[in-house]
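Have a look at the structure below before the remarks.
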Amino acid sequence: MHLLHEDLARAQIHERVNTTKEGRRAAQLVRARRLSRKAQEAAIRARLIRARFN
């Protein structure tokens with residue numbers, strides 16, 4: 001019975017670790033998409049400014 005409780009505790013900890021990792025990955029993906037979008041917008045602004053002065 002003791003081993004069963006330890007196995008259950010290990011499984012719960014493992015699940016929490018995986019959930020945390022997935023959350024971090026999702027947050028990192030959101031940040032990467034946001035930065036990519038900002039970079040694209042900056043590139044568009046730069047092209048517009050360059051076009052005005054040429």
Side-chain angles (χ1 to χ4, degrees):
M1 193 67 166
H2 183 65
L3 291 178
L4 182 64
H5 292 299
E6 287 180 7
D7 288 343
L8 180 59
R10 257 189 225 100
Q12 289 172 342
I13 290 170
H14 183 71
E15 183 62 31
R16 282 192 298 241
V17 168
N18 284 339
T19 301
T20 301
K21 285 181 182 179
E22 288 172 8
R24 286 181 184 158
R25 274 189 231 119
Q28 187 177 25
L29 183 58
V30 168
R31 281 191 302 273
R33 286 181 179 162
R34 188 180 308 129
L35 286 175
S36 175
R37 197 166 43 247
K38 284 184 178 182
Q40 287 174 344
E41 291 169 357
I44 291 169
R45 283 193 302 274
R47 282 194 296 271
L48 287 172
I49 290 170
R50 197 175 337 130
R52 286 183 191 150
F53 291 105
N54 280 337

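Here salt bridge (Lys or Arg N to Asp or Glu O under 4.0 Å) pairs that include residues 26-38, with residues two or more places apart or in two chains, number zero. Residue pairs satisfying the salt bridge (Lys or Arg N to Asp or Glu O under 4.0 Å) criterion with at least one member in residues 7-18, sequence neighbours excluded, are listed as follows: Glu6-Arg10, Asp7-Arg10.
Under a cut-off of 6.0 angstrom, the local environment of CD in Glu41 is crowded, with over 12 non-hydrogen atoms contributed by other residues, nucleotides or ligands.
Scanning for side-chain contact (heavy atoms from CB on, under 4.5 Å) contacts around Arg24 gives Thr20, with sequence neighbours left out. The side-chain contact (heavy atoms from CB on, under 4.5 Å) check on Leu48 picks up Ile44, with sequence neighbours excluded. The side-chain hydrogen bond (donor to acceptor under 3.5 Å, both in side chains) test applied to Asn18 returns His14, not counting sequence neighbours.
Residues Phe53 make up the rest of the hydrophobic cluster containing Ile49, defined by ILVMFWY side-chain heavy atoms closer than 4.5 Å, directly or through other members. Grouping Ile, Leu, Val, Met, Phe, Trp and Tyr residues whose side-chain heavy atoms lie under 4.5 Å apart, directly or via other members, leaves Val30 alone, with no other cluster members.
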